[in-house]
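Start at 1 and go down the list; that is how both ligands and their atoms are numbered. FYI, side chains are in, hydrogens and waters are out, and symmetry mates aren't considered; it's all heavy atoms of this structure.
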Amino acid sequence: MKVSDIEFTSGLAQIVGAEDLEERVLLSTCTTFAVGGPARWFVSPKDEQTLIRVIDLCKKEEVPYFVLGYGSNLLVSDHGYKGVIIRLKKHFSDVVFSGQTVKAGGGASLKRLLNGALENGYVGLSFAAGIPGSVGGAIYMNCGAYEKDIASVLSSVRVYQPESHTVATITKEDMQFAYRRSILMDTHWIVLEATFTLEHSADAAALEAEKHQAEEYIQSRKKKQPLEYPSAGSTFKRPTGAYAGKLIMEAGLAGFSIGDAAVSSKHCGFIVNRGHASADDIYRLCKAVQKIVKEKTGFELEPEICFLGSFDQ
Ligand SMILES: Cc1cc2nc3c(=O)[nH]c(=O)nc-3n(C[C@H](O)[C@H](O)[C@H](O)COP(=O)(O)OP(=O)(O)OC[C@H]3O[C@@H](n4cnc5c(N)ncnc54)[C@H](O)[C@@H]3O)c2cc1C
């Protein structure tokens, strides 16, 4: 960092305003694993220009920044994050329905998007029922379930591209979507807004069926997933030709634990926080599971979850 801590804080406050700047926010309160140390700064920019100015300041003063969604696919280190966490949840969460298109801010929740779609007569999003992420995080991850993913209902994404200092609209075709992958993982562009193409149905029976489907997915998740514990959903990606949870079970790891982090016996694809796990417990458990599964089955498990901050190797 090129300036003092106090000077940087004052610069940030001038840009975002005191009401949208917090300091030393415990990230365990913003992640579904319920672990993670403090973020030195935590900002909620009120619009695109403010967001861009925050990033400009970070780049100028050589302070790292990270865009946080709803923390539902993220393991944050116990040491926290020594830079600026930028969260779009507060001011980028509008969802607007018009004709066949639906626009949602990068910080809107998938739940709000889905419920709004159902209320306004749109079908096609029921697969997302029960996925606890934001629109930005969903696009970054290309999240999905039940043979569908967010890419399948997306038309374009408005992003901020920090390297060229531009705001651009990227078509779905140029987002390089694949299984749990998007171009955002290589570029670190920031999702400001997404446009979805959903079918607008006047057919009451079709809408009722869509609502029913969404409810069924939620019930099925409750039955099959350990939702009673904090987690980040499936910890590992599905390897080609196999299922991570099944491999972990076959390796004899159901219930295997380090500290209070455990492989769920209900769904071995989930690592859960049984109450007082540290990020380090979860991290070491991930590594141990990968090692044992490799030894016993030959499959390499790749984490689906993202990591933020430093972890002891
Ligand atoms: C109980 C449970 C069930 C789950 N079920 C599923 C499931 O069925 N299918 C599935 O795919 N996932 C599932 N997940 C994982 C998770 O909900 C998704 O991956 C979700 O899309 C992550 O969104 P998020 O906003 O929480 O992202 P975060 O966890 O906050 O961030 C993930 C990544 O996205 C980036 N990001 C966030 N917002 C933006 C933005 N605006 N612009 C650019 N980058 C951004 C972050 O920088 C980070 O690298 C589940 C999680 C839980 C806890």
Side-chain angles (χ1 to χ4, degrees), residues 27 30-36 39 44-45 48 51 55 64-76 81 83-93 104-113 126-152 154 157-162 167 170 175 177 179-194 217-218 220-222 224-238 244-245 264 266-267 269-273 303-309:
L27 292 172
C30 313
T31 62
T32 55
F33 259 136
V35 299
S44 301
E48 289 181 15
L51 168 74
I55 294 175
Y65 64 88
F66 181 84
V67 179
L68 175 69
Y70 286 13
S72 65
N73 207 38
L74 192 63
L75 181 63
V76 179
Y81 186 67
V84 180
I85 293 288
I86 301 175
R87 207 178 198 197
L88 305 185
K89 184 179 180 180
K90 190 168 167 188
H91 298 296
F92 288 73
S93 56
S109 70
L110 288 179
K111 187 176 179 183
R112 182 169 183 186
L113 177 63
S126 59
F127 75 92
I131 303 181
S134 67
V135 165
I139 294 171
Y140 180 96
M141 293 303 306
N142 188 20
C143 80
Y146 306 107
E147 312 299 324
K148 277 189 94 175
D149 56 27
I150 203 78
S152 68
L154 199 68
V157 188
R158 188 173 152 81
V159 295
Y160 176 59
Q161 301 172 313
V167 171
I170 312 293
M175 286 294 292
F177 284 119
Y179 168 66
R180 301 296 172 266
R181 247 206 98 66
S182 73
I183 196 171
L184 303 180
M185 292 175 176
D186 305 320
T187 59
H188 300 291
W189 297 340
I190 299 168
V191 175
L192 304 169
E193 186 183 68
Y217 287 152
I218 289 174
S220 164
R221 282 174 183 273
K222 280 187 187 153
K224 294 182 185 156
Q225 299 180 352
L227 301 184
E228 59 279 27
Y229 292 109
S231 79
S234 297
T235 315
F236 300 100
K237 290 186 187 173
R238 202 173 55 221
S264 164
K266 190 171 177 185
H267 185 320
F270 280 52
I271 284 181
V272 296
N273 175 356
E304 179 174 319
I305 58 172
C306 307
F307 298 87
L308 179 65

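Side-chain atoms of Lys224 and Phe270, non-hydrogen and from C-beta on, never get closer than 4.5 Å to each other. The closest side-chain heavy-atom distance from Ser134 to Val191 is not below 4.5 Å. Contact check for Thr187 versus Val159: no side-chain heavy atoms found under the 4.5 Å cut-off. When side chains are defined from C-beta on, Ser44 does not count as touching Lys89, because their heavy atoms never get closer than 4.5 Å.
At least one heavy atom of Trp189 lies less than 4.0 angstrom from ligand 1. Residue contacts with ligand 1 leave out His188, since none of its heavy atoms falls under 4.0 Å from the ligand. Heavy atoms of Met185 stay at 4.0 angstrom or farther from ligand 1.
At distances below 3.5 Å, at least one donor-acceptor pair connects side-chain atoms of Ser182 with backbone N or O atoms of Tyr140.
Atom CZ of Arg180 sits about 9.5 Å away from atom CE of Met185, to the nearest 0.5 Å.
Counting only non-hydrogen atoms, the option in Gly137, Gly106, Ala129, Cys30 that gets closest to atom 23 (O) of ligand 1 is Gly137. Of the options Gly133, Ala138, Ser231, the smallest heavy-atom separation from atom 21 (O) of ligand 1 is shown by Ala138. The heavy atom nearest to atom 7 (C) of ligand 1, considering only Gly71, Gly233, Ser234, Gly144, is found in Gly144.
Applying the 4.0 Å criterion to heavy atoms of Leu74 picks out, from ligand 1, the atoms 29 (O).
Heavy atoms of Thr32 found under 4.0 angstrom from ligand 1 belong exclusively to the side chain. Of all the heavy atoms of Tyr70, the ones lying under 4.0 Å from any atom of ligand 1 are found in both the backbone and the side chain. Residue Leu227 touches ligand 1 through its side chain alone, judged by heavy-atom distances below 4.0 Å. Of the heavy atoms in Ala145, only side-chain atoms (C-beta onward) come closer than 4.0 Å to ligand 1. Neither the backbone nor the side chain of Thr31 comes within contact range of ligand 1; no heavy atom lies under 4.0 Å.
A 6.0 Å sphere centred on NZ of Lys111 holds no more than 12 heavy atoms belonging to other residues, nucleotides or ligands. Other residues, nucleotides and ligands contribute over 12 non-hydrogen atoms within 6.0 Å of the NZ atom of Lys148. Annotation: Glu228, atom CD; neighbour count of heavy atoms from other residues, nucleotides and ligands within 6.0 Å is above 12.
Closest protein heavy atom to atom 46 (C) of ligand 1: Val67 O, 3.2 Å. Among all non-hydrogen protein atoms, the one lying nearest atom 22 (C) of ligand 1 is Ser72 OG, 3.4 Å. If you check which protein heavy atom lies closest to atom 5 (N) of ligand 1, you get Arg221 NH1, 3.2 Å. In this structure, the protein non-hydrogen atom closest to atom 12 (N) of ligand 1 is Glu304 OE2, 4.0 Å. The single protein non-hydrogen atom nearest to atom 32 (C) of ligand 1 is Cys306 SG, 4.1 Å, given as residue, atom name and distance. Summary of contacts: the protein heavy atom closest to atom 31 (O) of ligand 1 is Gly69 N, 4.3 Å. Looking from atom 45 (C) of ligand 1 to the surrounding protein, the closest heavy atom is Gly136 O, 4.0 Å.
For ligand 1, the polar-atom distance check against Ile131 finds no nitrogen or oxygen pair separated by under 3.5 Å. Among the atoms of Val191, some N or O lies under 3.5 angstrom from an N or O of ligand 1. Residue Ser134 places at least one N or O, backbone or side chain, under 3.5 Å from an N or O of ligand 1.
In this view, Arg238 satisfies the salt bridge (Lys or Arg N to Asp or Glu O under 4.0 Å) rule with no residue, not counting sequence neighbours. Phe66 pairs by the ring pair (Phe, Tyr, Trp, His ring centres under 6.0 Å) definition with nothing, not counting sequence neighbours.
Taking each heavy atom of Ala232 and Asn73 in turn, the nearest pair found is O-OD1, 3.5 Å.
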(request) Show the numbers, then the answer: is there a salt bridge (Lys or Arg N to Asp or Glu O under 4.0 Å) between Asp186 and Arg181? (result) CA-CA 10 Å; Asp186 305 320; Arg181 247 206 98 66; 2.9 Å; yes

